[in-house]
Protein chains: 2
Amino acid sequence: MSQAFAPLKRNRLSDQVLTQIQERIASGELRSGDKLPPERELAESFGVSRGAVREALRSLERTGLVSLQAGAHGGAFIGQGDPGLIGDSFRNLYQLGSVSLDALTEARLWLETTITRIACARATDKDLAALTANVDEAERLLLSKRYEDKIDVHIEFHNLLARATHNAVMVMLMGALMDVMRDFAHAAGGERHDLTIKARRRFLAKLSARDADAAVAEMTEHLESLHVRYRDRMKERPQR
Amino acid sequence: MSQAFAPLKRNRLSDQVLTQIQERIASGELRSGDKLPPERELAESFGVSRGAVREALRSLERTGLVSLQAGAHGGAFIGQGDPGLIGDSFRNLYQLGSVSLDALTEARLWLETTITRIACARATDKDLAALTANVDEAERLLLSKRYEDKIDVHIEFHNLLARATHNAVMVMLMGALMDVMRDFAHAAGGERHDLTIKARRRFLAKLSARDADAAVAEMTEHLESLHVRYRDRMKERPQR
DNA sequence: GGATATTTATTGGTCCGACCAATGGAGTCA
DNA sequence: TGACTCCATTGGTCGGACCAATAAATATCC
């Protein structure tokens, strides 16, 4: 059958510079902490203008691949990546209408169910203490005016729970979804945080008892009611 | 208590331009498909040089927020985001040593378990047909020389399974993890694909019968053996 | 001598003004 | 009518200048 040819676009010099540096990172030739030559040198060895090099570096910086630093011993240093970019991606996809709120909350619920099960098996005393401390903090903030703070503490609970799986990727995935959720929460505002806190204390009891099914049931119920409430709120707002 | 002040760095003009455009997208003022003013105009209204504007646009382009297009009716168009960026983020995090192979495969296994359960409940005949067709294709390719092709077909199986959840976010998450897995597979090479195909046929039978527990068992066993094999292979290679 | 201020070299950040390259529409000619 | 040519618009590149941050080297002062 006839192959569908790729549209091919790669004519920009700055993209070629970008690609070449990326390849050196992928191949392991450039590693975290290494320093790239100065822009002027790069420009010369690539045979392009400094502007082209800068655009490439700007792209790399945006992806967390390099971080730029001015000054005498500055330069373009290979970074360590940025887990926050995953959340940014989702945020953008949502803002641009490529994913729906429903899909996000549904996925989050499934993810959190899994996380709860794993956390039940793996959570250390330290993890449980951190979760408890978080709920305590939330309770302290009940009377606070700044509801952004309150929301952030509640969001953090989910991230702490993910951390109890002791799996870095899971922490990142959950963190990414919660980043988007934070936007909603800030926009939607005013939850019944007192009820949430009570639910979380019950949840933590189940978790401490290593009763996975009961913990999942508690979590599911809470999240689903929250989802319904968000959905109602967002309906009243202009869709973008 | 004393607040820990943020380090603050935002002095670059190009970053301020970037931020302002991003905010207009976030606020919904700029939507998918809209066109930004020409670079020269932007530069004038921001009161900065064209170079600064270009660097900002380059950043936006990298994130899939805008796509640049030369020519008479060209310009910077607001895009729709790029789901592939999530996979890129993980790839970078791995390459730069911020996440381990173990964490990735473990998370993938958990994710795939969830996906299997959901797919069992939601997969349509069309989904099942697509999965079957994929395995057929894999069988046809058994004798092929190009092992990259064979691997890609095998990878695609997991993406198709994720699609059977009918949740776009889940598809993206799985797709992201599989992107990284593809790199490994290409590097590690030569699997016993004939065995994999047999396992998948058994798996599909369980899935068609809507027997979630059995399907999960089949999937888990296969993935775990795969994981062990990868790990052994990568040990022989220089770690980066 | 040692602490402090100053200079200086390096490197990213910005600007300007020019020209090239792609592209689609208007105008032209057969 | 239809194919061709020109041209205005807009991104892509260039180079060469200057500013700003930074740390090391140097000079200065007690």
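In what follows, chains are A, B, ... by sequence order, proteins preceding strands, each numbered from 1. As the structure is a computational prediction, the values presented were derived from the model and not from experiment.
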- If you find the nucleotide of DNA chain D closest to Lys35(B) and the one closest to Ala70(A), which residue's nucleotide is nearer the 5' end? Lys35(B)

- Here the distance between atom C1' of dT13(D) and atom CG of Leu42(A), to the nearest Å, is 17 Å

- Message: Any side-chain to backbone donor/acceptor pair from Thr132(B) onto Leu128(B)? Under 3.5 Å, distance only.
- Response: yes

- Message: Please check this pair: side chain of Asp183(A) against backbone of Arg91(A), looking for a donor-acceptor N/O pair closer than 3.5 Å.
- Response: no

- Take the protein atom CZ of Arg50(B) and the nucleotide atom P of dT9(D), then report the distance between them rounded to whole Å. 15 Å

- Item | Pro37(B) or His73(A), whichever maps to the more 5' nucleotide of DNA chain D | Pro37(B)

- With a 4.0 Å cut-off, would you call Arg31(A) and Asp34(A) a salt bridge? no

- Roughly, in whole Å, what's the span from CG in Asn11(A) to P in dT13(D)? 9 Å

- Query: What pairs of residues pass the side chain to side chain donor-acceptor pair (under 3.5 Å) test when at least one of them lies in residues 162-178 of chain A, not counting sequence neighbours?
  - Reply: Asp127(A)-His166(A), Asn167(A)-Glu106(B)

- Between dC18(D), dG12(D), dC14(D), which one does the side chain of Ser49(A) approach most closely? dC14(D)

- Message: Does Gly51(A) reach a base, just sugar-phosphate, or nothing at all? Heavy atoms under 4.0 Å.
- Response: nothing

- Using atom types as modelled and distance alone, determine if a side-chain donor or acceptor of Thr63(A) lies under 3.5 Å from a backbone N or O of Leu65(A). no

- May I ask you to verify if any side-chain N or O of Ser14(A) is less than 4.0 angstrom from the OP1 or OP2 atom of dT13(D)? yes

- Message: Taking any atom closer than 4.0 angstrom to a non-hydrogen atom of chain B, what span of DNA chain C does the protein reach, first nucleotide to last?
- Response: dG13(C) to dG25(C)

- Mark yes or no for a side-chain to base donor-acceptor pair under 3.5 Å between Arg40(A) and dG15(D), with no hydrogen or angle criteria applied. no

- In chain order, what residues pass the side chain to side chain contact (heavy atoms under 4.5 Å, CB included) check against Ser67(A), with sequence neighbours excluded? Phe77(A)

- Whether Ser98(A) side chain and Tyr94(A) backbone form a donor-acceptor pair below 3.5 Å: no

- Message: Taking any heavy-atom pair under 4.0 Å as a contact, classify Ala72(B): base, sugar-phosphate, or nothing.
- Response: base

- Could you check how far CD of Glu39(B) sits from P of dT10(D), rounded to whole Å? 11 Å

